[in-house]
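Every number for a ligand or one of its atoms is a count from 1 in the order of the listing.
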Amino acid sequence: MMALRLSAFAVALGLIFAAAALAGNAIGPEPEEEDEMTMGSHETDAGGEPRATAAAVPGLAVSDHGLRLELERRRYEPGADRRARFSVLDDADAPVTDFDVEHEREMHLIVVRRDFEEFQHLHPKQGSDGVWSAEADLGRPGTYRVFADFATDDESMTLGADLFVGGEFDPQRLPAPEPAAEAGDGYQVSLDGAGDDVRFTVRKDGERIGDVEPYLGADGHLVALREGDLAFLHTHPAGEPGGPIEFGVEYPSPGRYRLYLQFKHDGEVRTVAFTQEVSDVAGH
Ligand SMILES: [Cu+2]
């Protein structure tokens, strides 16, 4: 009886060692195999519902599909007129020079402080050497996420990289969801809609504006970012002329998001930000 117990104990001990060895492998120095297993754009959970994997959510990677976002500088002193220079490199380290026009531009550069306090949407100029450059307002210290949003070879991509502005960083909390936001000069924007469908109504001094001007080929431009990792969501303009400014937004998971709407009226582009709480996510 004692011998039996001992051998049972020995077997249990052996199992523990085997489990420890497996765990060691899983977090060991060669995670490539693990990564490859999750590289598919979609996987299926136990319920059979498709769900987006990290690789399917744009903006989280500095390199994807053989292309890499290379920032010339990553650290800046605070200043309102900092020159950001960057390239998109191919797998031979050569700058890509041939871009497709998307939303009326070949390159969109979105610069966001990681606590969502700062947002800029820039349209960099490309030099003959393939290097893009834009002037960014980096007056406030902190960590910023830089998104290069572009298309090349008929493939749309959003690559992201971090840059740092030195000084005393005073990170802010994400504001609570509010149904309306001020856009300056008497303009107010309200947000409604449910699930993947978001609608913005613009008012000036209380009167609804039905004649927003086209901006980047649509009624407005929407950037939607996930709290926590600043995943950059797919959004599609969906509105009717004269109606609310409407978008389809592909929320990848429940959680909180920061939405930056830009619209144009009386020749001026205005930006408003909203916090959106999402509890239900449609499979797509
Ligand atoms: Cu743009």
Side-chain angles (χ1 to χ4, degrees), residues 57-62 64-65 67 69-72 80-88 95-114 116-127 130-138 144-163 181 183-184 187 189 198 200 202 212-226 230-239 245-250 257-274:
V57 183
L60 296 176
V62 74
D64 196 10
H65 284 76
L67 299 179
L69 170 60
E70 180 92 342
L71 302 182
E72 263 191 22
D81 52 357
R82 295 298 181 239
R83 183 143 299 270
R85 286 165 53 84
F86 64 97
S87 325
V88 176
V96 176
T97 54
D98 193 16
F99 291 87
D100 309 332
V101 171
E102 213 179 27
H103 307 300
E104 298 189 339
R105 296 290 196 286
E106 288 190 331
M107 178 64 71
H108 305 263
L109 190 72
I110 309 290
V111 180
V112 183
R113 205 170 78 167
R114 274 199 170 270
F116 297 115
E117 275 290 297
E118 292 285 331
F119 172 89
Q120 289 163 65
H121 179 170
L122 308 171
H123 293 124
K125 301 251 183 304
Q126 190 183 29
V131 178
W132 293 92
S133 77
E135 206 161 84
D137 180 353
L138 300 177
Y144 288 74
R145 189 71 174 163
V146 174
F147 300 99
D149 191 38
F150 61 90
T152 181
D153 239 349
D154 291 326
E155 178 127 37
S156 296
M157 296 188 73
T158 310
L159 299 179
D162 282 353
L163 68 78
Y187 285 90
V189 180
V198 295
F200 300 94
V202 181
V212 292
E213 292 153 43
Y215 177 57
L216 300 173
D219 282 345
H221 189 271
L222 182 68
V223 170
L225 304 173
R226 179 164 63 184
L230 275 69
F232 189 104
L233 276 50
H234 284 296
T235 67
H236 322 278
I245 306 173
E246 207 170 327
F247 295 90
V249 180
E250 293 181 18
Y257 294 82
R258 193 66 168 160
L259 272 49
Y260 297 92
L261 172 74
Q262 297 185 285
F263 66 95
K264 192 173 176 184
H265 191 249
D266 270 349
E268 195 165 332
V269 177
R270 295 173 188 275
T271 305
V272 276
F274 291 88

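The Cu ion (ligand 1) has no N, O or S atom of His103 under 2.8 Å away, backbone or side chain. Taking backbone and side chain together, His221 holds no N, O or S atom under 2.8 Å from the Cu ion (ligand 1).
His123 contributes NE2 as its N, O or S atom closest to the Cu ion (ligand 1). The nearest N/O/S atom of His108 to the Cu ion (ligand 1) is ND1.
For Trp132 and Phe150, the distance between ring centers is not under 6.0 angstrom. Aromatic ring centres of Tyr187 and His265 lie closer together than 6.0 Å.
Between Val249 and Leu222 there is a side-chain heavy-atom pair separated by less than 4.5 Å.
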Chi angles and distances behind the side-chain hydrogen bond (donor to acceptor under 3.5 Å, both in side chains) call for His236, Glu250: CA-CA 9 Å; His236 322 278; Glu250 293 181 18; 3.1 Å; yes
